[in-house]
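Take a look at the structure set out below.
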Amino acid sequence: MAAVHASCVVLGEDGILIRGPAGSGKSTLVRDLLGLGAISGIFAALVGDDRVTLTQRHGRLVATPHPALAGLLEIRGLGLQPVDATVPSAVLRLVVDLEGSVPRMPDEGAETIHLREVALPRMVLSPDPGRAATVLWRWRRLRVMMMTE
């Protein structure tokens, strides 16, 4: 097990790992996804913020919160705040990378990433507003693809 600098939220039953440098908006995106899930009738809960442990189990990657940060979300200007909706772990289904500059079209092969030998869908987002809606749209597309396979 190794902790990574990332946050993780679960939508439905699917873990979404959010990576990016400090100050890129990982915690803000988590908070926005929790709020968007609540108003959309989609189960949404925090797995972990800022540091997440990833463990490979039976060909899947499972995210768990760092024990020191479990149940807490950093809100800029307020510090670490408790979150009501939390889960102890989630199987990752999507990786979101937050980057300052994002190409208009993804490079070939950039939509999949291998983490600890597990292939996962990946999307890259800039720090623009509306990222939570884009993640929710991608998550829904992935769910449809999984149901039809």
What do the steps show when you test Val95 against Met123 for side-chain contact (heavy atoms from CB on, under 4.5 Å), and what is the final call?
CA-CA 6 Å; Val95 175; Met123 62 187 302; over 6 Å; no

Go through Leu94 and Leu17 one step at a time and tell me if the side-chain contact (heavy atoms from CB on, under 4.5 Å) criterion holds.
CA-CA 6 Å; Leu94 176 64; Leu17 186 69; over 6 Å; no

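The shortest heavy-atom contact between Pro121 and Arg138 is CB-NH2, 4.0 Å. Across Pro88 and Pro65, no two heavy atoms sit closer than the pair O-CD, 3.2 Å. Closest approach of Gly15 to Ala90, counting heavy atoms only: CA-CB, 3.8 Å. Minimum interatomic distance between Ala119 and His114 (heavy atoms only, all atoms of both residues): CB-NE2, 3.5 Å. Nearest heavy-atom pair, Ala132 versus Leu33, reported as atom, atom and distance to 0.1 Å: O-CD2, 3.6 Å. Residues His5 and Ala22 come closest through the heavy atom pair CE1-N, 3.7 Å.
Linking ILVMFWY side-chain heavy atoms closer than 4.5 Å, directly or via other members, places Val102 and Leu98 in two distinct hydrophobic clusters. Cluster annotation: Val96 is connected to Leu73 through the hydrophobic network of ILVMFWY side chains, with a link wherever side-chain heavy atoms come within less than 4.5 Å. The hydrophobic clustering, which links ILVMFWY residues whose side-chain heavy atoms are closer than 4.5 Å, places Val83 and Ile42 together. In the hydrophobic clustering of ILVMFWY residues, with side-chain heavy atoms under 4.5 Å counting as a link, Leu142 and Leu11 come out together. Note: the hydrophobic cluster containing Val10 does not contain Ile18 (ILVMFWY, side chain heavy atoms under 4.5 Å, direct or indirect links).
Screening Leu125, Asp32, Val9 for a side-chain contact (heavy atoms from CB on, under 4.5 Å) with Val135, the sole residue that qualifies is Leu125. Among Asp14, Leu61, Val62, the one residue that satisfies the side-chain contact (heavy atoms from CB on, under 4.5 Å) test with Val91 is Val62.
Residue pairs meeting the salt bridge (Lys or Arg N to Asp or Glu O under 4.0 Å) criterion with at least one partner in residues 94-109, sequence neighbours excluded, are Arg19-Asp97, Asp97-Arg122, Glu99-Arg122.
Using a 4.5 Å heavy-atom threshold, the side chains of Leu80 and Leu69 count as touching.
A distance-only check finds no donor-acceptor pair linking the side chain of Lys26 to the backbone of Cys8 [under 3.5 Å]. A donor-acceptor pair under 3.5 Å is absent between the side-chain atoms of Ser89 and the main chain of Thr64, judged by distance alone.
In this structure Arg51 satisfies the side chain to side chain donor-acceptor pair (under 3.5 Å) test together with His66, sequence neighbours excluded.
The distance from atom CG of Leu34 to atom CD1 of Ile39, rounded to the nearest 0.5 Å, is 12.0 Å. Interatomic distance, OG of Ser40 versus CG of Leu136, reported as 5.5 Å (0.5 Å rounding). Here CG of Asp49 is found 8.5 Å from CG of Leu72. Values are rounded to the nearest 0.5 Å. From Trp139, atom CH2 reaches atom CG of Leu36 across 10.0 Å, with rounding to the nearest 0.5 Å. One distance of note links CG of Leu92 with OG1 of Thr55; it measures 10.0 Å at 0.5 Å rounding. Atoms CD and OG1, from Glu74 and Thr28 in turn, are 9.0 Å apart once rounded to the nearest 0.5 Å.
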